[in-house]
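Data first, discussion second: the structure below is written as structure tokens.
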Amino acid sequence: MAKIGLVQMNSGADPEHNLTKLKKKVKGLQLQGAKLVVTPENTLVFGSKADYQKWAEPLNDGPFQKELSVLTEKLGIWLLLGSMPILQPDGSITSTSLLYNDKGELQEHYNKLHMFDVDVADKHHSYRESDTFKAGDELKVVKTPYGNIGMSICYDVRFPLQYSALRAQGADIIVVPAAFTKLTGKAHWEVLLRARAIETQCWVIAAAQWGEHNEGRETWGHSMIIDPWGQIVACQQLGTGVLTANIDLQLSEKIRANMPVAEHTKFCVQPR
């Protein structure tokens, strides 16, 4: 059993400001005994296309990633940064999660697969992530001392086959860092997260952005930790803040043994 920490943020376009806020929250979680901390999508930069282009760094290189490395090594914790803009060798930018171990090493990264190209009846109206980011093309499940973590980001949560594939590749925990819009979050956020937990029989760790941001964007918040039975263990509904919960992988094993849905499936992905 391990204590997992989760950060709910209200990030903007200034990465220095966002990083300062993040460090305080991560240090607080470390003092509470958290061994792994998960942060939202767009943790360091939440702005316009120009902002992402300005602050994008090559993978495992650049001042912001260096500060994250120093932070995790100093505190002796694992940190999953929900996403930041990463500059690819071909000049494109990806929305990328970064997982650091407690020695400050970049253990794994994940480029968001599904681009949020939709029209929403809110102040922002139209979202076209593919105008800014290049979609990823690879699933990632990484072994950690606290369980095998399946990586995803925000809009991915609407695509259950991705999560079935993560389970088939050995995931015990699935992370969903997000910046869900207030309108779609109110309608779908909780039900989607609980469904993914129930279907995969994995713990789901969903760190979210909350509140008003630039360019008329408003996010839903409601960061939560959900157990493999689909029950909400902890939730930060409104405001910025942190929450923790103990992740018990024995509960996952019990649920999977009693209801072996992965072995019963007749189509799509099969367990190892």
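Position 1 is the first residue of the sequence, and the numbers go up from there.
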Enumerate donor-acceptor pairs with a distance under 3.5 Å from any side-chain N or O in residues 62-73 to protein atoms, sequence neighbours excluded.
unit_1, atom_1, unit_2, atom_2, d
Q65, OE1, N60, N, 2.7
Q65, NE2, E57, OE1, 2.9
Q65, NE2, P58, O, 2.8
Q65, NE2, D61, O, 2.7
E67, OE1, K23, NZ, 2.5
S69, OG, G104, O, 2.5
T72, OG1, L68, O, 3.2
T72, OG1, S69, O, 3.0

Cationic N near anionic O, under 4.0 Å, E199 to R167: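 So E199 does not pair with R167 through a salt bridge.
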Can you find a side-chain donor-acceptor pair between [X] and [Y] that sits under 3.5 Å?
X	Y	value
D117	S130	yes
T240	Q8	no
S97	H109	no
S11	Q209	yes

Take the angle between the ring planes of [X] and [Y] and call it parallel below 30°, perpendicular above 60°, tilted in between.
X	Y	result
H114	F159	parallel
W78	Y146	perpendicular
F116	Y155	perpendicular

F180 ring center within less than 6.0 Å of W220 ring center: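 Centroid distance W220-F180: not below 6.0 Å, so no.
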Begin with the C-alpha distance, continue with both residues' side-chain angles, and end with the deciding distance and a verdict on side chain to side chain contact (heavy atoms under 4.5 Å, CB included) for K27 and L75. CA-CA 7 Å; K27 289 177 182 176; L75 297 180; 3.9 Å; yes
Go through it in stages, so that I can follow the logic: the residues are S252 and D172, the test is side-chain hydrogen bond (donor to acceptor under 3.5 Å, both in side chains), and I'd like the CA-CA distance, side-chain angles, deciding distance and then a yes or no. CA-CA 7 Å; S252 307; D172 304 305; over 6 Å; no
Checking side-chain hydrogen bond (donor to acceptor under 3.5 Å, both in side chains) for the pair E105/N101: CA distance, chi angles, key distance, verdict? CA-CA 5 Å; E105 300 164 336; N101 65 22; 2.7 Å; yes
Between H124 and T181, is a side-chain hydrogen bond (donor to acceptor under 3.5 Å, both in side chains) present by the stated rule, with each step listed? CA-CA 10 Å; H124 195 71; T181 71; over 6 Å; no
Check the pair Y110, T96 against side-chain hydrogen bond (donor to acceptor under 3.5 Å, both in side chains), reporting the backbone distance first and the verdict last. CA-CA 5 Å; Y110 163 74; T96 301; over 6 Å; no
Crowded around K3 NZ? As in, over 12 foreign heavy atoms under 6.0 Å?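 Yes, because the 6.0 Å sphere around NZ of K3 holds more than 12 heavy atoms from other groups.
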